[in-house]
2 protein chains.
Amino acid sequence: MDKRRRITLNDIARACGVSRATVSLVLRGSPLVHPETRRLVEAEMQRQGYVYNRAAANLRQRVSSAVALVINDLSNPFFAEFAAGVDEALGAKGYVTLLGSSNESPARQRQVLGSLMEHHPAGIILSPAESSMASDVALAIGRHTPLLVFNRQLTGDAEPGFEYDFLGLDNRAGTRAATARLIALGHRRIAFYGGHAGSSSCRERRIGYQEALREAGIAPDERWLIETAPTRLEANAHADALLALEPAPTAAVCYNDAVALGLMLGLVRLGRRPGEDFAVTGFDDIPEAAVGIPPLTTVSAAPRQRGRQAAELLLQRAASPSIPGRSVIVPVHLTERDSAPAPAS
Amino acid sequence: MDKRRRITLNDIARACGVSRATVSLVLRGSPLVHPETRRLVEAEMQRQGYVYNRAAANLRQRVSSAVALVINDLSNPFFAEFAAGVDEALGAKGYVTLLGSSNESPARQRQVLGSLMEHHPAGIILSPAESSMASDVALAIGRHTPLLVFNRQLTGDAEPGFEYDFLGLDNRAGTRAATARLIALGHRRIAFYGGHAGSSSCRERRIGYQEALREAGIAPDERWLIETAPTRLEANAHADALLALEPAPTAAVCYNDAVALGLMLGLVRLGRRPGEDFAVTGFDDIPEAAVGIPPLTTVSAAPRQRGRQAAELLLQRAASPSIPGRSVIVPVHLTERDSAPAPAS
DNA sequence: CTGAAAGCGCTTACAG
DNA sequence: CTGAAAGCGCTTACAG
């Protein structure tokens with residue numbers, strides 16, 4: 001750190017010939033202090049380049065002005081947008097964001113949570129790594145820090161008394177709408193491509209897909225469920241598994257946009273033309289979905305707005321910790337673009 | 001906040017019948033304390049669920065364990081990856097990341113910096129909003145907090161005494177290599193597409209491009225310089241300006257990958273086939289460059305590694321503030337994929 | 001409207 | 001090896 005002593009309240013008080021308490025009142029805009037005194041003090045702070053030490057104030061007041069945000073995968077634009085939304089809303093409310101990224105590793109996530117807890121945040125927003133255990137999270141953050149979990153449910157049960165809010169997307173309705181639309185276009189053999197069946201969001205999205213099939217009188221075929229890690233790279237690599245089916249599907253409902261974009265590239269690599277002779281839908285509506293080639297038909301989840309919403313929910317809970325754990329499921333809607341045409345005659 | 005009193009060092013000390021000082025020594029693994037006492041204290045901390053209050057410790061020690069990271073555009077994967085790299089490296093060194101995002105607004109940036117300064121970070125990593133003034137930044141953070149600026153130079157001069165480190169890419173060499181490659185493939189009419197001429201990175205990239213043209217005996221045409229905001233959306237919208245030129249260029253060196261991906265979509269919209277009858281190159285090598293359609297020939301900058309590097313540089317300076325402002329320019333290299341073929345005969 | 005004193009949860013010399 | 005006291009930079013009653 002820098003050697004020079006920092007300017008403190010004391011310096012200002014001494015220079016102005018008033019007490020620390022008076023300067024403190026000026027700082028927080030109290031009406032108690034005489035306008036003339038206020039002007040004097042403010043000028044002196046300006047002159048000396050005083051900068052408030054919020055950590056010291058928070059210590060005394062026993063409050064926190066920080067919220068921890070732990071993200072599983074910042075390189076996925078869906079989560080990057082979410083993070084931007086969280087930070088925006090927290091900043092507007094005077095909170096600062098403590099960032100942590102787990103890179104989808106539950107071990108790293110535990111470590112990151114532990115380190116963030118030492119800063120006694122007012123709350124935690126967690127977009128969990130795949131297959132994070134509720135009991136691990138409970139252990140890391142204890143039962144007194146408000147927690148909001150985003151997007152994926154924690155697996156397993158924590159001890160009773162560990163409560164948290166949940167903000168998720170209506171996964172089932174989303175894939176159901178996408179699948180129904182494909183059926184309406186004339187598709188009959190529709191795969192569900194990508195994601196890990198273990199994750200709550202993947203499970204829910206598969207259910208919506210199967211519901212739409214059954215509703216149309218189509219028997220879901222087990223082999224139409226193809227697992228891949230939820231990344232572009234993995235989705236690209238497994239495209240051949242989809243085309244190897246006999247008879248091959250004519251359409252794929254994908255776990256998310258990253259998977260859909262990867263699959264489309266894989267299809268091109270294998271000589272197919274997604275958007276012309278094969279239909280693909282995504283989930284999330286990340287910014288590049290609209291400007292892909294072809295533009296992606298997908299389920300829109302507005303990640304930046306979700307981030308703002310997550311921040312609101314968390315701060316509400318921090319303000320009244322007595323409310324029991326809530327679960328907010330956000331409606332989503334299908335955005336049609338060009339990647340999902342009718343089946344090639 | 002929660003009503004219940006937090007467990008403190010005092011509680012542990014009292015429960016164990018030792019002094020606070022002893023518990024403090026246990027906490028920091030001092031060899032001075034008797035092994036038996038240590039075991040006792042540790043067991044008690046476990047039992048009561050004690051969590052260290054790093055803010056209080058930092059206050060007493062007059063140090064900071066936080067570094068502020070201010071990002072201009074988290075929805076650009078280049079910067080999201082950079083942020084992930086910074087957080088990773090800082091976490092490994094025991095620092096926590098204070099996140100702020102400016103959304104490319106200098107006003108918002110000033111506000112965010114001011115709020116982060118109140119947390120007295122050990123240093124600041126700033127990826128500046130477009131056309132941020134050095135004097136504004138100097139005003140917001142003062143002259144005693146180590147600063148590392150990433151990617152873009154600050155415009156204008158600050159008062160003397162305001163020093164900072166700079167980490168940037170070798171922009172000139174990057175676009176020069178891309179342009180030279182296009183020329184080698186047989187292109188003669190090559191545009192420079194996208195970016196704002198006011199930004200230092202755009203200026204440098206244009207220079208590299210013009211150098212390569214001149215070296216090949218091609219006179220750069222003013223009209224080949226087309227400005228757009230550095231986003232997918234804007235790049236897409238202005239594609240017609242490129243094709244309207246007479247005679248039309250056969251290739252475009254783009255300001256960055258976001259612009260290149262947007263331009264390619266715009267070209268498709270206008271009936272062209274990038275990668276077949278038009279050559280496009282990017283800059284950054286964001287993850288989706290490799291899996292675009294066609295895969296993008298681009299200049300690789302390895303943003304996540306740059307993030308780790310930025311964290312290292314900043315912590316070095318924080319450790320020895322006496323070193324004068326350094327400027328580290330990272331070499332980049334051309335990654336050839338399919339988006340830049342030879343000109344259509 | 002302003003000041004003197006105590007305290008937030010830690011660490012740091014200084015004794016012993 | 002352990003304890004008593006002072007202090008980091010603030011805020012909070014309590015007097016006046």
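First the proteins, then the strands, lettered A, B, ... as listed; each starts at 1.
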Any Lys/Arg nitrogen of [X] or [Y] sitting under 4.0 Å from an Asp/Glu carboxylate oxygen of the other?
{"X": "A:Glu36", "Y": "A:Arg39", "value": "yes"}
{"X": "B:Arg304", "Y": "B:Glu88", "value": "yes"}
{"X": "B:Glu104", "Y": "B:Arg152", "value": "yes"}

Starting at [atom1] of [X] and ending at [atom2] of [N], how long is that distance when rounded to a whole Å?
{"X": "A:Asn58", "N": "D:dT11", "atom1": "CG", "atom2": "C1'", "value": "11 Å"}
{"X": "B:Arg38", "N": "D:dC1", "atom1": "CZ", "atom2": "C1'", "value": "12 Å"}
{"X": "A:Leu40", "N": "C:dC1", "atom1": "CG", "atom2": "P", "value": "16 Å"}
{"X": "B:Leu25", "N": "C:dT11", "atom1": "CG", "atom2": "P", "value": "9 Å"}
{"X": "B:Tyr52", "N": "C:dC10", "atom1": "OH", "atom2": "P", "value": "8 Å"}
{"X": "A:Arg6", "N": "D:dC10", "atom1": "CZ", "atom2": "C1'", "value": "15 Å"}
{"X": "A:Glu36", "N": "C:dC1", "atom1": "CD", "atom2": "P", "value": "13 Å"}
{"X": "B:Leu32", "N": "C:dG16", "atom1": "CG", "atom2": "C1'", "value": "14 Å"}

Do the side-chain N or O atoms of B:Thr22 get closer than 4.0 angstrom to the phosphate oxygens (OP1, OP2) of D:dG3? yes
Of the nucleotides D:dT11, C:dT2, D:dT2, which has the atom closest to the A:Leu9 side chain?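 Comparing D:dT11, C:dT2, D:dT2 against the side chain of A:Leu9, the answer is D:dT11.
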By nearest atom, which of the nucleotides C:dT12, C:dT2, D:dG9 is closest to the A:Asn53 side chain? D:dG9
Under 3.5 Å, is there a donor on one side chain and an acceptor on the other for B:Gln46 and B:Glu42?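 Not at all, the side chains of B:Gln46 and B:Glu42 share no donor-acceptor pair under 3.5 Å.
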Atom CG in A:Asn53, atom CG in B:Leu59: separation rounded to 0.5 Å? 6.5 Å
Quick check for you: to the nearest 0.5 Å, what is the distance between B:Ser24 atom OG and B:Arg28 atom CZ?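 Here the interatomic distance stands at 3.5 Å.
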What stem regions, each of at least 3 consecutive Watson-Crick or G-U pairs below 3.5 Å, can be found for DNA chain C? C:1-3 with D:14-16, C:5-12 with D:5-12, C:14-16 with D:1-3
Could you pull out every donor-acceptor pair under 3.5 Å between side chains of residues 309-316 of chain A and any protein atom, sequence neighbours left out?
| from | atom 1 | to | atom 2 | distance (Å) |
| --- | --- | --- | --- | --- |
| A:Gln309 | OE1 | A:Arg306 | NE | 2.7 |
| A:Gln309 | OE1 | A:Arg306 | NH2 | 3.2 |
| A:Gln316 | OE1 | A:Arg326 | NH1 | 3.1 |

Please list, for nucleotides 4-8 of chain C, all pairs of protein and nucleotide N/O atoms separated by less than 3.5 Å.
| from | atom 1 | to | atom 2 | distance (Å) |
| --- | --- | --- | --- | --- |
| C:dA6 | N6 | A:Arg20 | NH2 | 3.4 |
| C:dG7 | N2 | A:Arg60 | NE | 2.5 |
| C:dG7 | N3 | A:Arg60 | NE | 2.9 |
| C:dC8 | O3' | A:Arg62 | NE | 3.4 |
| C:dC8 | O2 | A:Arg60 | N | 3.2 |

